[in-house]
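Each chain gets a letter, A, B and so on, in the order the sequences are listed, and its residues count up from 1. No experiment lies behind these values; they were computed from the predicted model shown.
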Amino acid sequence: MPVVPRSFFSRPAEDVAPDLLGCLLVRDSAEGRRVLRITEVEAYAGPLDPASHGYRGKTPRTAVMFGPPGFLYVYFTYGMHYCINFVCSPDEECSAVLIRAGEIVEGVDLARVARSGSTDRDLARGPARLTKALGLGREDNGRDLCDGGALTVLERESSDFTVATGPRVGVSTATEIPWRFWIEGDRTVSAYKAHKARVRPSATPS
DNA sequence: CGTTAGATTCTCT
DNA sequence: GAGAATCTAACGC
């Protein structure tokens, strides 16, 4: 299967996102090869999208999102999780696709070690689980997906599935924008959860 | 199967 | 200082 070229990513994320469903993310490491079949994604735009990390302009964290397409954007959240995005749009513009879930189709043994305690179905069922199952982290931020290196995306073998769309998961703003895309009926798609503001006990009650 | 609380620290205001 | 593009365990049915 052909490697996805940089021009594929040089479009708005909402156009790239559905085209990524069914594609394979190939991750080579010292331990061996892991391959993920992508089943669920979300698109995030730039300064006009209040749910995007790029909403308030370029910062040290989001610099990669404003750079050229075809690179990996890794962010840290909830004090303990990493998630991965594919940067889209031409250089200087900001958009990206969050890889939310997938099925491990090669290197299941390695993914099981990385996510001990998980069932095979749940290995990459969720953005942080997926990142951990593939052994990716902060150090992979900014990696090139199109240089033929150890992290590449292969075109899908078939488009024999239905694409479903809906609101983005865990997002508290712009909930009317249906920029979540998934393969209908696929068991590895994560469960939808609306954002819920968390309440922390106050250390200084009045 | 479903729902819910708590964990834990980075990032930008 | 507030809140976050989440996960897991624990509970109830």
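Contact check, A/Arg100 against C/dT6: a side-chain N or O comes under 4.0 Å of OP1 or OP2. For C/dA5, the OP1/OP2 oxygens have a side-chain nitrogen or oxygen of A/His53 closer than 4.0 Å. Residue A/Thr77 has no polar side-chain atom (N or O) positioned under 4.0 Å from OP1 or OP2 of C/dT6.
One side chain, A/Ser190 or A/Glu40, offers a donor N or O that lies under 3.5 Å from an acceptor on the other. Looking at A/Ser10 and A/Ser7, their side chains never bring a donor and an acceptor atom within 3.5 Å of each other.
Evaluated for a ring pair (Phe, Tyr, Trp, His ring centres under 6.0 Å) with A/His53, the options A/Phe66, A/Phe76, A/Tyr75 yield exactly one hit, A/Tyr75.
Rounded to whole Å, the distance from CG on A/Leu130 to P on C/dA5 is 17 Å. The distance between atom CG of A/Asp122 and atom P of C/dT8, rounded to the nearest whole Å, is 8 Å. What separates CD1 of A/Ile99 from C1' of C/dA5 is a distance of 12 Å, to the nearest Å. One interatomic measurement links the two molecules: OH of A/Tyr75 to C1' of C/dT6, which rounds to 8 Å at whole-angstrom precision. Per the geometry, OH belonging to A/Tyr82 stands 12 Å off C1' belonging to B/dT8, to the nearest Å. Between A/Arg129 atom CZ and C/dC7 atom P the separation is 6 Å, expressed in whole Å. For the pair A/His81 NE2 and B/dA7 C1', the computed distance is 8 Å after rounding to whole Å. Atom CE of A/Met80 is separated from atom P of B/dA5 by 16 Å (rounded to the nearest Å).
When distances are taken from the side chain of A/Phe76 to each of B/dC12, B/dT9, C/dA4, the shortest belongs to B/dT9. Of the candidates B/dC12, C/dA5, B/dA7, the closest approach to any side-chain atom of A/Tyr44 belongs to C/dA5. Which of C/dT8, C/dA5, C/dT6 sits closest to the side chain of A/Arg115 comes down to C/dT8. Here the side chain of A/Ala128 is nearest to one of C/dT6, C/dA5, B/dT11, namely C/dT6.
Taking the centre and axis of the six-membered ring of A/Phe8, the NZ or CZ atom of A/Arg11 falls inside the cone set by 45° and 6.0 Å.
DNA chain C forms stems at B:1-7 with C:6-12, B:9-12 with C:1-4, each a run of 3 or more consecutive Watson-Crick or G-U wobble pairs whose two key distances fall under 3.5 Å.
Applying the salt bridge (charged side-chain N to carboxylate O under 4.0 Å, His left out) test to every pair with at least one member in residues 143-153 of chain A, sequence neighbours left out, gives these pairs: A/Arg6-A/Asp144, A/Asp140-A/Arg143.
A distance of 6.5 Å separates OG in A/Ser95 from CD in A/Glu14, rounded to the nearest 0.5 Å. For the atom pair CG of A/Asn85 and CZ of A/Arg100, the computed distance is 11.0 Å after rounding to the nearest 0.5 Å.
Note on A/Arg61: only backbone sugar-phosphate atoms sit closer than 4.0 angstrom, heavy atoms only; bases stay farther off. Among the heavy atoms of the strands lying under 4.0 Å from A/Arg138 are primed sugar atoms or P, OP1, OP2 only; no base atom is included.
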